[in-house]
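Here's the structure, in structure tokens; my notes come after.
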Amino acid sequence: MTGSMSSPLEAHDALGDEIGVRLLVKRDDLLPFPLAGNKVRKITAELDSFESLPELLISNGAIGSNHCRTLAMMGAQRGARVHLVLHGEVDNNAQVALRLLKDLNASFTVVNPDGISQAIHEIKESALSLGNPVHVIAGGCHTAAGARAYRDAAADLMDECSPTAIVVASGTGATQGGIIAGVEGHKLDCDVIGISIARPAGRGAEPVREAARWAGTSENVDITFLDEYRDGGYGLHGSETDDAVKMGWAYGLPLDPVYTGKAFAGILDLIAQGRFNRESTVVLWHTGGLANYLFSNQENL
Ligand SMILES: *Cc1c(COP(=O)(O)O)cnc(C)c1O
């Protein structure tokens, strides 16, 4: 269970004193890869699971998604072509994300959400008809290899500290599911709290459970997936998220309004509810998101 990529585990005492917990931050935003965060662990594990890298990698996501950007960059480094099926409005912020994908030599199509599977199917079929090996990677890299990478990282973290809880921004679920598996292996009492950044709990908890099982947990493992901090939904944010983002930056902790700001807003609210206090050691598992901060409309921040 070792050999996972390492990232710093930092004590943020000043911010922790201000909010009323012992705050540790697992800095996956500082993994050695630009603008990527948790997708580095997941996509590296996924690509390493192939015996030989397929000539074409296909995946999908929102135009500004960290998954698509990271896959494009890793494909470029490793010599695989990447085609992305993207959705979302092509506004000014999206233009920056698209320019990056172009510079990375990825090809892409922008479609409506209901056309995603058809578009993936067509691109896959046309590459196969030319005899090119293709692999389709699930959106967000929601894969067993990705979940296992997070299991191994969480097992390492549990060797380093004994947290009361780990709080993580949760989307497609492999990050949280993997962390749950890594914590379960340690038999310490530590809650793994997923803060939904997009999906309502009714739809979002099941993929987390699925990923936890891929990474080896028991069937009925408890899943905590809180959907009350979505603040409008994926990519949207209001004052709760914005205030959390500003508080992080004011203490030298870079947060973003799409992912980590929501996780931190969740921590603030759980403290207000009395769920954590000064005796609690809370790990914010920082999943990245700097690009989302930089590319977001500054007026909204
Ligand atoms: C993708 C992403 C997440 C969510 O990870 P999942 O494994 O999809 O749940 C959280 N934070 C950031 C910054 C991300 O890019």
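Counting starts at 1 for both ligands and their atoms, following the listed order. Side chains are part of it too, since the values below use all heavy atoms of this structure and drop only hydrogens, waters and symmetry mates.
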Within the protein, residues bringing a heavy atom under 4.0 Å of ligand 1, chain by chain: Asn38, Lys39, Lys42, Asn66, Ala169, Ser170, Gly171, Thr172, Gly173, Ala174, Thr175, Tyr259, Thr287, Gly288, Gly289
Distance (rounded to the nearest 0.5 Å) between Cys141 SG and Arg41 CZ: 13.5 Å
For His87, side-chain hydrogen bond (donor to acceptor under 3.5 Å, both in side chains) partners two or more places apart: none
Pair Arg209 + Glu206, salt bridge at N-O below 4.0 Å: yes
Side-chain H-bond candidate by donor/acceptor type, Ser59 with His83, under 3.5 Å: no
Side-chain cluster (under 4.5 Å, hydrophobic types only) that Val111 belongs to, other residues: Leu56, Ile58, Val85, Ile116, Ile120, Ile123, Leu128, Val134, Val136
Sequence-distant partners of Asp103, side-chain hydrogen bond (donor to acceptor under 3.5 Å, both in side chains), two or more places apart: none
